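Keep in mind the model is a prediction, meaning the values are calculated, not measured.
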Amino acid sequence: MASDPAIVVNHLVKSYRIYKKRQMLLMQPMKLFSSKMRGSLFNAVDNISFTVNKGEIFGIIGHNGSGKSTLLKVLSGITPPQSGSCEMIGR
């Protein structure tokens with residue numbers, strides 16, 4: 001088997017802001033509330049690093065809320081990461 005990388009993920013972090021009230025989410029783009037009301041930061045994916053070589057099979061398992069879907073969204077380019085890098089080589 002070839003050892004050329006197909007997927008390379010380095011120190012990937014994806015965060016979301018969690019609001020206590022739904023109205024805060026709608027008001028956030030307008031900046032109508034104080035800094036105390038901005039909500040807390042939740043790291044859905046926190047400092048993940050791995051490499052998948054061509055020809056390898058790779059599975060993602062974990063409990064509910066562990067970041068599996070978020071990781072796949074970042075890998076597919078649907079959502080950008082907060083920090084780190086994600087490189088897909090090939091299709």
Side-chain angles (χ1 to χ4, degrees):
M1 286 284 170
S3 63
D4 297 330
I7 302 172
V8 179
V9 175
N10 287 314
H11 305 290
L12 187 72
V13 175
K14 177 61 182 175
S15 302
Y16 293 101
R17 200 159 287 280
I18 306 296
Y19 298 94
K20 291 182 181 179
K21 295 183 179 180
R22 192 170 188 93
Q23 296 89 354
M24 302 295 180
L25 178 64
L26 299 173
M27 292 169 52
Q28 194 271 336
M30 297 181 276
K31 312 274 191 245
L32 295 176
F33 51 91
S34 68
S35 61
K36 291 180 182 179
M37 298 170 63
R38 288 197 181 137
S40 59
L41 202 59
F42 172 71
N43 288 336
V45 176
D46 191 14
N47 198 19
I48 302 291
S49 297
F50 62 88
T51 301
V52 180
N53 293 321
K54 291 180 182 176
E56 287 184 339
I57 297 172
F58 183 76
I60 302 170
I61 59 173
H63 296 287
N64 289 344
S66 62
K68 301 177 299 287
S69 295
T70 302
L71 177 61
L72 291 173
K73 287 178 185 177
V74 172
L75 287 173
S76 64
I78 294 172
T79 182
Q82 249 53 42
S83 64
S85 65
C86 172
E87 184 179 3
M88 302 284 287
I89 303 162
R91 56 181 182 120

**Student:** Quick check for you: to the nearest 0.5 Å, what is the distance between N43 atom CG and T70 atom OG1?
**Tutor:** 11.0 Å
**Student:** Starting at CD1 of I18, measure out to CG of L41 and round the result to the nearest 0.5 Å.
**Tutor:**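 It comes to 8.5 Å.
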**Student:** Kindly compute the distance separating CD1 (I48) from NZ (K14), expressed to the nearest 0.5 Å.
**Tutor:** 14.5 Å
**Student:** I'd like to know whether NZ of K68 has more than 12 heavy-atom contacts from other residues, nucleotides or ligands below 6.0 angstrom.
**Tutor:** yes
**Student:** Between S49 and V9, does a side-chain contact (heavy atoms from CB on, under 4.5 Å) hold up when you go through it step by step?
**Tutor:** CA-CA 5 Å; S49 297; V9 175; 5.7 Å; no
**Student:** Under a 4.5 Å cut-off applied to non-hydrogen side-chain atoms, are L71 and I60 in contact?
**Tutor:**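 Yes, side chains in contact.
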**Student:** Using 0.5 Å steps for rounding, measure from the CG atom of L75 to the CG atom of L12.
**Tutor:**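 Separation between the atoms: 7.5 Å.
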**Student:** Would you say V52 ends up clustered with M88 if hydrophobic residues are merged whenever their side chains have heavy atoms under 4.5 Å apart, either directly or through other cluster members?
**Tutor:** yes
**Student:** So if you build clusters from Ile, Leu, Val, Met, Phe, Trp, Tyr with side-chain heavy-atom gaps below 4.5 Å, do F58 and I7 land together?
**Tutor:**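 Yes; I7 is reachable from F58 via cluster members.
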**Student:** Kindly write out the residues that satisfy ring pair (Phe, Tyr, Trp, His ring centres under 6.0 Å) with Y16, not counting sequence neighbours, or none if the list is empty.
**Tutor:**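 Per chain and number, Y16 pairs via ring pair (Phe, Tyr, Trp, His ring centres under 6.0 Å) with no residue.
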**Student:** Calculate, to the nearest 0.5 Å, the distance between atoms CG and CD1 belonging to N53 and I89 respectively.
**Tutor:** 9.5 Å
**Student:** Could you state the interatomic distance from CG (N47) to OG (S83), rounded to the nearest 0.5 Å?
**Tutor:**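 Result: 8.0 Å between the selected atoms.
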